[in-house]
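Just below is one structure, and these are the notes that go with it.
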Amino acid sequence: MAMVISSVHATLFARTSFFCQSNGLRSFRSCLPFSSSAASVSFDNLSRKKWRQPVLSVLDLGGVKISREDVVRDDPTNNVPDNIFSKLGMQLHRRDQHPLGILKNAIYEYFDTNYSNNFNKFDELSPIVSVKQNFDDVLVPKDHVSRSYNDTYYIDPQTVLRCHTSAHQAELLRSGYTHFLVTGDVYRRDSIDSTHYPVFHQMEGFRVFAPEEWEASGMDATLHSATDLKKCLEGLARHLFGAVEMRWVDTYFPFTNPSFELEIYFKEKWLEVLGCGVTEQEILKSNGRPNNVAWAFGLGLERLAMVLFDIPDIRLFWSNDERFTSQFSKGHLGVKFKPFSKYPPCYKDMSFWISESFTENNLCEVVRGIAGDLVEEVQLIDNFTNKKGMTSHCYRIAYRSMERSLTDEEINDLQWKVREQVQSKLNVVLR
């Protein structure tokens, strides 16, 4: 499952969705413009009762275009900003000459070679899913922090932008798939720094075992599944990183038991590669597999690509600058990125008295909404509480373009707009 997680999803491993029929599943049409996705709607009766179908417009291409109004709405239950909507359909992982596409294809090569093409691959399933798919189907507790509007992008109370590729797991199991890899863009409200971005890409792997498979091994079902899982992923790590030292760390995920993280010793430090485990039986029983066992893993493509290609800033993956894109080519894994930007950052500080409703994620959403990818980092550098019980935060915002020098006038204008929006939207008092 998608077990590579940010701090706010620390105990998580992502259909009601806009889709075109593709093997019976919801998917994007690759022929559609990057800013649109293809869709049709098909849910079980329970989801149909809970979920309001958005307005769709049919295209001549045979797909369905999703307009901005379908995703970004002037509604208190909607928290999807324009800068996030603009990323829908970009599908960096499907570009063979992009670092993420190169990495995805290298993983495909490993599974095709070692499992005789038994794994079905899905990389264009729609990221617009139901709350049930994103959370309930993978046993995320009702009170888990990841369900909050602070951490997840909600289109409406029953529809979200998927937080993880595990959102498609139940659907694929019900459709009869037993070996599959799901790759896609996922969305989380998060902090701003060189390794965090509100849109990133994950791959989930899933394998189901029949009773005769573990009975023939002489092991019980759970041990057989865990042993096979570790063997598979150790091989994958060697395929990507070479002959590296590895270690397994016991951990917790709500949808697997036992659960593990795989770490490798790379460039003189331990690096977490992925999360994985033996799938909880409740998930299999709920999706027509009561007599089977299964394993699942999840990994973040950006996290591994940054290491393999020496890419220092996650914003670079979204760059169209030829100085970046021309450095990579199909099938060449691990080509080292040569930096082309030495532009200095510009720092601006901002202090304000916070309210009880203030969260850092909300602040970062405001800053991103104004400065986009020109903001490099937002960091809390000071805080205190006065005798009246009022708490002050001071944040340092680093502005830097990866492609050009920013002018003082440009930065001052951005900072002025940030201050205005922070005060008006976050219910804080500037100092």
Side-chain angles (χ1 to χ4, degrees), residues 1-4 13 23 93-94 96 99-123 165-166 168-169 172-173 175-184 201-219 221-249 256 258-266 271-279 284 289 292-301 303-305 307-309 330-334:
M1 295 192 169
M3 304 183 211
V4 180
F13 236 74
N23 297 323
H93 60 286
R94 303 191 72 232
D96 289 342
L100 300 183
I102 295 168
L103 175 56
K104 181 200 73 173
N105 290 333
I107 298 172
Y108 280 1
E109 179 185 31
Y110 170 78
F111 278 92
D112 287 345
T113 301
N114 291 274
Y115 293 91
S116 302
N117 296 300
N118 284 335
F119 276 80
N120 294 101
K121 306 175 191 72
F122 302 91
D123 68 357
T165 47
S166 304
H168 306 286
Q169 184 185 111
L172 290 169
L173 284 171
S175 297
Y177 294 98
T178 59
H179 298 61
F180 53 83
L181 301 171
V182 179
T183 312
H201 299 77
Q202 289 186 339
M203 180 184 291
E204 163 159 317
F206 201 92
R207 181 180 183 182
V208 177
F209 295 91
E212 54 268 22
E213 293 180 88
W214 68 77
E215 289 169 357
S217 73
M219 293 183 278
T222 299
L223 180 59
H224 175 77
S225 183
T227 301
D228 185 87
L229 170 66
K230 290 182 176 182
K231 179 182 177 182
C232 169
L233 297 180
E234 287 173 0
L236 175 60
R238 285 190 291 271
H239 179 73
L240 297 177
F241 293 94
V244 292
E245 184 180 353
M246 307 178 207
R247 69 184 182 188
W248 290 96
V249 179
T256 55
S259 302
F260 316 100
E261 289 174 347
L262 175 62
E263 297 182 350
I264 63 170
Y265 196 69
F266 190 73
L271 170 71
E272 178 190 333
V273 175
L274 51 80
C276 61
V278 178
T279 306
L284 294 170
R289 296 280 178 179
N292 299 97
V293 294
W295 56 241
F297 73 83
L299 56 83
L301 293 180
R303 178 182 179 83
L304 299 188
V307 174
L308 288 165
F309 294 95
K330 181 178 179 179
H332 289 79
L333 180 69

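Heads up: numbering here begins at 1 and tracks the sequence. Note that the coordinates shown come from a computational prediction; the quantities given were computed from them, not determined experimentally.
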Grab the two heavy atoms, one from [X] and one from [Y], that are nearest each other, plus how far apart they are.
X: Val208; Y: His179; value: O-CE1, 4.0 Å
X: Leu284; Y: Asn292; value: CD1-O, 3.3 Å
X: His93; Y: Asp123; value: NE2-O, 2.7 Å
X: Arg207; Y: Phe119; value: CB-CZ, 4.2 Å
X: Leu274; Y: Leu299; value: CB-CB, 3.9 Å
X: Thr279; Y: Phe206; value: OG1-CE1, 3.5 Å

message: Does any part of the side chain of Thr178, heavy atoms only, come nearer than 4.5 Å to the side chain of Arg289, both counted from C-beta?
response: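 Yes, close enough: below the 4.5 Å cut-off.
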- request: State, yes or no, whether a side-chain contact exists between Thr222 and Pro258 at a heavy-atom distance under 4.5 Å.
  value: yes
- request: Check the pair Leu233, Trp248 against side chain to side chain contact (heavy atoms under 4.5 Å, CB included), reporting the backbone distance first and the verdict last.
  value: CA-CA 11 Å; Leu233 297 180; Trp248 290 96; 4.0 Å; yes
From [X] atom [atom1] to [Y] atom [atom2], the distance as rounded to the nearest 0.5 Å:
X: Thr256; Y: Trp295; atom1: OG1; atom2: CH2; result: 13.0 Å
X: Ile102; Y: Leu301; atom1: CD1; atom2: CG; result: 12.0 Å
X: Ile264; Y: Leu304; atom1: CD1; atom2: CG; result: 8.0 Å
X: Asp228; Y: Met219; atom1: CG; atom2: CE; result: 8.5 Å
X: His201; Y: Leu103; atom1: NE2; atom2: CG; result: 11.5 Å
X: Phe180; Y: Gln169; atom1: CZ; atom2: CD; result: 5.5 Å

Side chain of [X], backbone of [Y]: donor and acceptor closer than 3.5 Å?
X: Arg303; Y: Glu272; value: yes
X: His332; Y: Lys330; value: yes
X: Glu213; Y: Ala210; value: yes

task: Begin with the C-alpha distance, continue with both residues' side-chain angles, and end with the deciding distance and a verdict on side chain to side chain contact (heavy atoms under 4.5 Å, CB included) for Tyr110 and Leu240.
output: CA-CA 9 Å; Tyr110 170 78; Leu240 297 177; over 6 Å; no
task: Output, in order, the C-alpha distance, side-chain angles, deciding distance and verdict of side chain to side chain contact (heavy atoms under 4.5 Å, CB included) for Lys121 and Asp112.
output: CA-CA 10 Å; Lys121 306 175 191 72; Asp112 287 345; 2.8 Å; yes
- request: Tell me whether the centres of the aromatic rings in Phe209 and His224 are closer together than 6.0 Å.
  value: yes
task: Determine, step by step, whether His168 and Phe122 satisfy the side chain to side chain contact (heavy atoms under 4.5 Å, CB included) criterion, reporting the C-alpha distance in whole Å, the side-chain angles of both residues, the deciding distance to 0.1 Å, and the verdict.
output: CA-CA 10 Å; His168 306 286; Phe122 302 91; over 6 Å; no
task: Assign the ring pair Phe111 / Phe297 to parallel, tilted or perpendicular, where the plane angle (0 to 90°) is split at 30° and 60°.
output: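 Taking Phe297 first and then Phe111, their aromatic rings lie parallel (interplane angle under 30°).
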